[in-house]
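One structure below.
Numbered from 1 within each chain, the chains take letters A, B, ... in sequence-line order. All values below come from the heavy atoms of this structure, side chains included, with hydrogens, waters and symmetry mates left out.
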Amino acid sequence: MADLRSNLAGIRSPNPFWLASAPPTNSGYQVQRAFADGWGGAVWKTLGTPIVNVTSRFAGFNYREHRMVGMNNIELITDRPLDENLKEIAECKKAFPDRAIIASLMEVCEQKPWHDLVKRVQEVDIDGFELNFGCPHGMSERGMGAAVGQHPDLIERVTTYVKEAARVPVIVKLTPNVTDVRFPARGAARGGADAISLINTINSVMGVDLDSWNPIPHVDGKSSHGGYCGPAVKPIALNMVSDCARDPEVNIPISGIGGVETWRDAVEFLLLGATNVQVCTAVMHSGFRIVREMIDGLNDYLDAKGLKSISDLVGKSRNTITTWENLNLNYKIIARVDQKRCIHCNKCYIACEDAAHQCIDRVPRADGTYDLVVDESHCVGCNLCMMVCPVDCIDMLQVDTGLPSESWKERNAVATS
Amino acid sequence: MFPGKPIQKALSHLEVSIEANRCLYCYDAPCTRACPTHIDIPAFIAKIADGNIKGSARTILEANPMGASCARVCPVEELCEGACVYNTESDTPIRIGDLQRYSTDHVREHGIAIFAAGPETGKRVAVIGGGPAGLSVARDLRRCGHGVTIFEAHERLGGLNTYGIVPFRLSSEVALWEAQQVLDLGCEVRSGVRVGDDVAAESLVKDFDAVVLACGMGGVPRLGIPGEEHVWDSIEFIERAKTTGTAPGLGNRVAVIGAGNTAIDALTCAKRLGAACVTMYYRRGEAQMTAYEFEYDFAKEEGIEFRFFCAPTRVVVEGANVTGLELVRTSLVAGTDKLESIAGSEFIEPCDTIISAIGQSRLITAIEALGIAHDGGVVRVDDDMRTSRAGVFAAGDAIFEKGAREAMVVEAAEQGKIAARSIDGYLHGSTSSP
C-alpha cells in the first residue's frame, strides 16, 4: 500500500484527489457524500455575493457513442447566502477533519471587500483559499473571474490583498483563456500565492440546434459563451500545467485541473509537475463513487512501479517537455504492420495515402485481398497509421540511423560558428 | 395475418446508433466488394451515424432498387456481413442488413420519395415481368426518361418478393412499397397479362423500342412418380399461404421434398401454419444441401425434421386422400457424386400432405416466342444482358444458371441495373456500354 497523502503548499489531504470548485461542491450535503466516498479534498463552490442563475446551464459535447467528451456550463458562483455555506463548511470539517476544505472566493478587485470576505470565511475552519480568477462566463462581464485572470498585474494585486488577510495557504486559479498562461501564473507568484491551480474552463459555444437554430444550451433562445471542460480539454490542461511547472518565475506548487477522469489522467498531471489534481466533469457524469477507482488505480500503479508515495511521481516527466529546437533530428522510427493481426480495413492505407506520405502499399495476395506493407525507406514515422488502426496492429519501431543525437539548435549553432 | 413472429426485428434507435458508430468506415471496403449491387456500405452507414437517413437510403437504393427487400432477404452472412473485417475471434460483423433496413424503413414509413423520372425521351420499353429484375430495369429506365410498360402475369407487382418469400422474412407490404416507388416514376402496368398467352411476344418486339425478359421461372417440375397429381407445388403453396395466411387441407403431417431455400420456406411455412410434424426428405446428404446454412439453422430452430439419402418413389393414396409417401434409400456411389437407390429398401412415411420443392421449371414458351437463344430454358445473355436478338434483353431468374449465377433478389436487382444501362445505350444508338 503506497502512501497517497498529498501536501499542496501546506494543505494536507489523505489522497491527491480533490473536487474542483463547481456544482458538485455546491452544498454540505454533496461534500459530505463525496468525503464518505473517499475524496481527499473539496474546493467549495465559489463564495461571494450570491448570484442569480439561469436555466438551462449545461451542455455536453458527444463524440459518436461517447457522451460528454466535453462539457460546458454557464452557471455562476454560489447562489446561496454566505452564512449558509459557512455553516455547512464547518459541519463538513467537523465530520471529516482529515479532509482538505478549500474556500473558493470571488470579489470585485478592491482591497476592502476582499479583506472582509477572507476574514469572514476563515472564521470557520478551512484549509486554504482558492481565488477564482478563471470563471470565463457571466462573472467576467462584471469584472471578476477570468476578467482578472487575463491581467497578470490585477492577479498580483488581488493576490496581495488576500495574502494580507489570509491565515491559510492561498491558491490562485488561472484561466486558460490567455495567450501564454505563464504570465498570469507569474503574476500570482509575485503576489505571494502559495500555489496555482489550472486550468479553469475554456471559452466555448457548444453548438447550434439544427432544427431551431438556437444555440446549445439556450436560455429562451439565447446563450452566451460558456466554460468548456471534461476529457476533451485534458491535452490543453497538460500543456499549461507543464508550461507553469517548468517556468522558473512561477516556481510554486500546482494543482492540476482539466479532464481528469481516472487515475491514469492524474498520474500524467503529477508526472508533468502537478502536486495534486481536481476533478469536476467526471463526477458530474458518474457521481462521487469514481474516486474509489481512482484511489485503487493510483495505489496499484505505485505498487507496480515500486514507488512508495505519490511524491515519487511529481515532476518526473517535467523535463521531457522542451522546445522543438531541442528535439533530436537523428531519431527515427518507422511503422510496421503485423499481418497476423491486420483485419484489412485499409484505414492506415487511406490515411497515409491522402494525409501523410503515401508509404503504405497494398500488396495483392492470392486470395484477392491485400497485405498492407509499409515502404520503410519512405516512412517518416509520423504515427498516423498507428493512430487510425482499430486493432492496434501497427507498431512504431526505432531504427538506428548510426548518427549521434543532434537538435536543430545544435545544427544551427554549428552552421553559424 | 400470417401466424408467428417475423424472423428479423427492427433495431432500436440505440442499437442503430451503436452499430452505425461501430462501423470502421473501411476504405475499399470488403462489404461493398461482396455486395452484388456494390452498395457503398461504409457511406450509407456513415450517413446514419451523422443523422442523414434519407441520404443513407439514397446511397442504398441508388445502387440497389430492391434495397428494402434485400435488407431482409439477402444472405448477408454469405455477402456483406460475411466480408466485414469484424469477422474476428473477438468481434462480430456490423449488422449491415439491419442498418439497411433501418434506412429504407425510414423513407418507406415517412413516405419520402428519392428518385424522379428523367426528361421523356419518347422511347418505349416493354418489361416482361414485374419482379425484382423487371422493377429494377423499369426504375432505371424511367430515371433515364424512357417510357416503360410492365407486363405482369400476377395481379400485383413484386414477383417472388410479393408472392414467393415467406411472410415472416419479407412482408408483401415492403415488396409492394418497393414496386410502388417504381410506379411513381410513371410506368404503365398491364397486370394479369401473360406474354405468349394474352399478348403476342412478337407484337412487343414490334411495338416497343426494346424488350426486357424478366419473367423469372415457373412452377416446380414434375417428380415423375405415381400419385404425382396429389403433390403440392411449393411455389404455389407459399404464394397461397402468404396471400391468405392459411393452407386449407394441409393436415398435421407434412412431407417436403427437396433441400434448397424454397424447401426451407415450404417447411417453415407449413410448420407455422400449424402442421405438427414437418419433415424434409432429400435424396442426398446434409453436406449437399443447397439451402444456406443460416436457413438450415433456422429450420432446425423452427422444429423441422430432416431425412437424408432417401428419394420419393410413390405417393400413397387411400380413397382421395394422401396417407403416405413411399421412399427408397439412396447412397452415393463411392468416389463419385452419383446416387444409387438401394434395392428393396423402400419404406413408407405416413403423411397428410406432400410438397415438392425440387427446383423451378423454365418458361420456355415465352423464351421461344421471343425467338432468343437459350440453353435448356436459361436465356443466353452477354455481360450487358443482351440476348441473341437485337433489342431484346433479359435479367433475373430467366438467366439464372446453376454454378454461373445466383438466384438471389440482389443479383436480379444488379442485372436489372445493368440491363437498364445497356438498353439506354442501345436506345441512344450506341452499342457500347457506358
Under a 4.0 Å N-O cut-off, is there an ion pair linking B:Asp28 with A:Arg362? yes
Applying a strict 4.5 Å limit to non-hydrogen atoms, the region of B:Arg33 in contact with chain A is side chain
**Asked** Salt-bridged, B:Lys300 to B:Asp297, with N to O below 4.0 Å?
**Response** yes
When the 4.5 angstrom heavy-atom criterion is applied to B:Ser17 and chain A, the contacting part is both
So, the part of B:Cys23 with a heavy atom under 4.5 Å from chain A: the answer is backbone
Of B:Ile18, B:Asp50, B:Val85, the largest count of non-hydrogen pairs under 4.5 angstrom with chain A goes to B:Val85
- prompt: Parallel, tilted or perpendicular: which describes the rings of A:Tyr228 and A:Phe61, with under 30° parallel and over 60° perpendicular?
  reply: perpendicular
Fill in: Electrostatic pair B:Glu295-B:Arg169, nearest N-O below 4.0 angstrom
yes
